[in-house]
Amino acid sequence: MTNNIKKTNTRVKSTIILVSILIVAFAAGITAIILLQKSKRLDMSVPYNADELVFSDTVEGNIQTARGFAADLCVSKEDVGNSEITMEGNAIGALFSVDDKEILFSDSLHDHIYPASITKIMTAILALKYGNMEDVVTITWEDLELEAGSQVCGFEIGDQVSMDDLFHGLLIHSGNDAAMAIARHVGGTAEEFVAMMNEEANALGCFDTHFMNPSGLHNESHYTSIYDIYLMLNHALTYSHFVDVMQLSVYEINYLDAEGNEQSVTLDSTDHYLVNTAVPPKGVTVLGGKTGTTDQAGSCLALVSQNAYGKLHISIIMRALGKDSLYNQMNTLLAVSNSAYNY
């Protein structure tokens, strides 16, 4: 009898210990899941300007941190005024201090606008991300089926052009034929490439953007915003080849025509600063960027520059009435990139 009681007590104790272990394991699992879910929510729920954020304490008491969403970006939900800047006519614009992660001025920051050839920033990003600059692309009729008056490099059906030369023609001369050839080669079809453009825009946080083509030719459903242009150009600057090419004022493309004969074309930059027909304020160095012009979008320019103190800036003017107005207003933004700092 005594032995039976002892055996019963032993079984009860073993059961209690087992149940206790299971309860502790279950609680630990629930805690881990909660912490994991909490860490996943950080991306979109924390202040934009937080560089590092405490989200939990480990068992050992060490603090865990995570980078805040948009910690390396200029962010504002509302426009930022500046007494030194007044937009002319229908034009809108913004000035971003890339190094200080600060918006120094913005007008209509998140409004939907037509981007014209500013679109080609995204085309360039995908060319670098998914393309091979050493590939040779044969120009087809699809690449040349463009509306009358389109800006082109001048390729013909059957021309064999390297991806790198197409990339130069895209950024420097804003060639729509280069944009179409890149899109078809990288995406398989232009339509698939446009789907890639919209996917990449979403990944970059360009939620006010929708693309319909790789060149920027007008379409009612093809739009972006000044802030999204900043996001795209800021990301493009992470590619060294983009930075190198955007600074060139002229470039010679050498290629073979359909008969295998050597051909060449010299392309000038569409950026008036780079070809010395526009002069920036004293102390400002224009590095390059992207131009755009259509009847509906007006004259547009997204520019990368350094002020007199070496600080990097992105300045954007959209919907200007002509080139003179565009570069006059851009110079106002560039001047503020200097005057905003008091050293």
Side-chain angles (χ1 to χ4, degrees), residues 115-201 211-217 219 222 232-233 235-271 288-292:
S117 286
I118 301 289
T119 297
K120 294 183 176 80
I121 295 172
M122 178 58 76
T123 304
I125 289 172
L126 294 183
L128 292 169
K129 186 173 183 179
Y130 298 109
N132 184 340
M133 292 293 117
E134 296 180 0
D135 285 355
V136 175
V137 181
T138 300
I139 303 299
T140 70
W141 66 268
E142 298 170 277
D143 307 328
L144 308 181
E145 196 175 36
L146 303 163
E147 66 183 46
S150 293
Q151 176 85 355
V152 294
C153 298
F155 301 123
E156 297 182 357
I157 295 174
D159 288 346
Q160 298 177 58
V161 190
S162 73
M163 267 286 288
D164 192 40
D165 281 339
L166 289 172
F167 187 82
H168 280 76
L170 176 84
L171 278 188
I172 297 169
H173 197 63
S174 199
N176 292 328
D177 47 359
M180 294 300 294
I182 288 171
R184 181 180 51 79
H185 183 72
V186 174
T189 65
E191 292 75 16
E192 182 57 32
F193 187 83
V194 170
M196 294 167 64
M197 293 172 71
N198 286 315
E199 182 179 348
E200 184 72 12
F211 294 116
M212 293 294 291
N213 60 67
S215 63
L217 291 176
N219 185 299
H222 187 101
M232 287 183 273
L233 184 51
H235 180 69
L237 295 179
T238 64
Y239 292 94
S240 60
H241 197 50
F242 182 96
V243 174
D244 291 341
V245 173
M246 78 171 186
Q247 299 181 67
L248 298 178
S249 61
V250 64
Y251 184 78
E252 183 179 78
I253 293 179
N254 297 291
Y255 61 97
L256 299 179
D257 63 19
E259 285 73 40
N261 300 312
E262 294 184 357
Q263 303 289 341
S264 66
V265 59
T266 300
L267 303 175
D268 293 324
S269 174
T270 56
D271 187 330
K290 190 69 199 73
T291 61

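Heads up: numbering here begins at 1 and tracks the sequence.
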I would like to know whether Tyr251 and Asp165 meet side chain to side chain contact (heavy atoms under 4.5 Å, CB included); could you show each step before the answer?
-> CA-CA 9 Å; Tyr251 184 78; Asp165 281 339; 2.8 Å; yes

Please collect all salt bridge (Lys or Arg N to Asp or Glu O under 4.0 Å) contacts where either partner lies in residues 241-250, sequence neighbours excluded, each pair once.
->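 Qualifying pairs: none.
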
Taking only residues at least two apart or on different chains, which pairs with a member in residues 126-147 satisfy salt bridge (Lys or Arg N to Asp or Glu O under 4.0 Å)?
->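 Qualifying pairs, neighbours excluded: Lys129-Glu200, Asp143-Arg184.
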
Below 4.5 Å, heavy atoms only, C-beta onward: do [X] and [Y] meet side chain to side chain?
X      : Y      : answer
Met163 : Val186 : yes
Pro214 : Val194 : yes
Met133 : Leu128 : yes
Met212 : Met197 : no
Phe242 : Ile125 : no
Leu256 : Gln263 : no

Establish, from distance only, whether the side-chain atoms of Ser174 and Lys290 form a donor-acceptor pair under 3.5 Å.
->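 Present: a donor and an acceptor within the cut-off.
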
Please check if any side-chain donor atom of Ser117 sits under 3.5 Å from a side-chain acceptor atom of Lys120, or the reverse.
->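 Yes, because at least one side-chain N or O of Ser117 sits under 3.5 Å from a partner of the opposite role on Lys120.
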
Taking atom [atom1] of [X] and atom [atom2] of [Y], what is their separation to the nearest 0.5 Å?
X      : Y      : atom1 : atom2 : answer
Met246 : Ile172 : CE    : CD1   : 12.0 Å
Ile157 : Thr138 : CD1   : OG1   : 12.0 Å
Phe211 : Phe193 : CZ    : CZ    : 9.5 Å
Phe155 : Thr140 : CZ    : OG1   : 12.5 Å
Asp164 : Leu170 : CG    : CG    : 11.5 Å

Taking Asp177 for its side chain and Cys153 for its backbone only, find out whether a donor-acceptor pair lies under 3.5 Å.
->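 Answer holds: yes.
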
Where do [X] and [Y] come nearest, in terms of heavy atoms and distance?
X      : Y      : result
Gln151 : His173 : NE2-O, 2.9 Å
Gly216 : Thr119 : CA-OG1, 3.4 Å
Ala181 : Ile139 : CB-CD1, 3.9 Å
Ala127 : Ile182 : CB-CG2, 3.8 Å

Which donor-acceptor pairs under 3.5 Å do the side chains of residues 264-271 make with protein atoms, sequence neighbours left out?
unit_1: Ser269; atom_1: OG; unit_2: Asp271; atom_2: N; d: 3.0
unit_1: Thr270; atom_1: OG1; unit_2: Thr291; atom_2: OG1; d: 2.6
unit_1: Asp271; atom_1: OD1; unit_2: Tyr273; atom_2: N; d: 2.9

Measure the acute angle between the ring planes of Phe167 and His241, then classify it against the limits of 30° and 60° as parallel, tilted or perpendicular.
->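 Because their plane-to-plane angle is under 30°, the rings of Phe167 and His241 count as parallel.
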
Going through the checks in order, is the side chain to side chain donor-acceptor pair (under 3.5 Å) test met by Asn213 and Ser215?
-> CA-CA 6 Å; Asn213 60 67; Ser215 63; 3.3 Å; yes

